[in-house]
Amino acid sequence: MQIQHGTGHLTDAEILRRWLDTIPRGEYYNVIAKLVETCLIPIHTLRNWRYGNCRIPEAGKRDINIVTREVSGIEIYKIVMPEVIVEGVSGRTSGKTI
């Protein structure tokens, strides 16, 4: 996901880095530990997300938003919900041609 900001686009990694840059130095390592604990990931995965070495999955963005809401009262990622299947519609064809 890319968010338009000013004249360019920010990647998910840039959004995470910019938010982490706003954390006061005394709280920084506590916030990192909280992100690792909430996302259920090792620290090296968080570093990979932060520096753009791998994609941040939607579940990771959801968990990051939980921490950002708790720490600074904002959500940094806009999560797109999948389409809802209406009751009675299977979403798959039966394989029969009429």
Side-chain angles (χ1 to χ4, degrees):
M1 179 180 123
Q2 292 184 346
I3 296 177
Q4 185 159 353
H5 185 269
T7 59
H9 295 280
L10 293 178
T11 64
D12 292 336
E14 290 170 333
I15 293 169
L16 180 59
R17 272 197 314 273
R18 285 186 180 199
W19 180 75
L20 286 171
D21 288 344
T22 66
I23 304 300
R25 182 176 284 190
E27 298 174 27
Y28 181 80
Y29 291 107
N30 293 332
V31 172
I32 293 293
K34 192 176 292 190
L35 282 168
V36 167
E37 179 182 334
T38 303
C39 295
L40 301 172
I41 56 168
I43 187 71
H44 64 84
T45 301
L46 181 64
R47 289 182 186 132
N48 285 333
W49 288 355
R50 181 178 180 188
Y51 295 111
N53 295 334
C54 64
R55 186 181 70 79
I56 303 173
E58 294 300 315
K61 292 177 191 176
R62 181 197 64 221
D63 294 340
I64 291 169
N65 276 343
I66 290 169
V67 174
T68 60
R69 244 191 334 251
E70 185 179 319
V71 171
S72 57
I74 61 168
E75 291 185 353
I76 61 173
Y77 295 111
K78 179 179 179 183
I79 301 187
V80 179
M81 301 301 284
E83 291 184 23
V84 177
I85 297 178
V86 180
E87 186 177 333
V89 178
S90 70
R92 296 190 317 182
T93 60
S94 64
K96 295 181 181 178
T97 306
I98 299 177

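These values consider heavy atoms only, across backbone and side chains, with no hydrogens, waters or symmetry-generated copies.
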TODO: Please report the shortest heavy-atom distance between Val36 and Pro42, naming the atom on each side.
DONE: CG1-C, 4.4 Å

Task: Nearest-0.5 Å distance, OG1 of residue Thr11 to CG of residue Leu16 - done: 9.5 Å

- [ ] Could you pull out the closest heavy-atom pair between Ala13 and Trp49, with the gap in Å?
- [x] CB-O, 3.2 Å

Task: Heavy atoms of other groups near Glu75 CD, more than 12 under 6.0 Å - done: yes

TODO: Show the numbers, then the answer: is there a side-chain contact (heavy atoms from CB on, under 4.5 Å) between Thr68 and Tyr77?
DONE: CA-CA 10 Å; Thr68 60; Tyr77 295 111; over 6 Å; no

Task: Beyond-backbone contact of Ile23 with Ile32, side-chain heavy atoms, under 4.5 angstrom - done: no

Task: Linked, directly or transitively: Leu40 and Ile79 (ILVMFWY side chains, under 4.5 Å) - done: no

Task: Hydrophobic cluster identity match, Tyr51 and Ile15, side-chain contacts under 4.5 Å - done: no

Open item on the list: To the nearest 0.5 Å, what is the distance between SG on Cys39 and CZ on Arg62?
Closed with: 9.0 Å

Open item on the list: Taking side-chain contact (heavy atoms from CB on, under 4.5 Å) as the definition, give me every residue that meets it alongside Thr38, ordered by chain and number, with sequence neighbours left out.
Closed with: Lys34, Asp63, Ile66, Val67

- [ ] Run the numbers on Ile64 and Trp19 for side-chain contact (heavy atoms from CB on, under 4.5 Å), then give the verdict.
- [x] CA-CA 11 Å; Ile64 291 169; Trp19 180 75; 5.7 Å; no

- [ ] Quick one: which residue pairs count as a side chain to side chain donor-acceptor pair (under 3.5 Å) with a foot in residues 22-33, not counting sequence neighbours?
- [x] Tyr28-Arg50

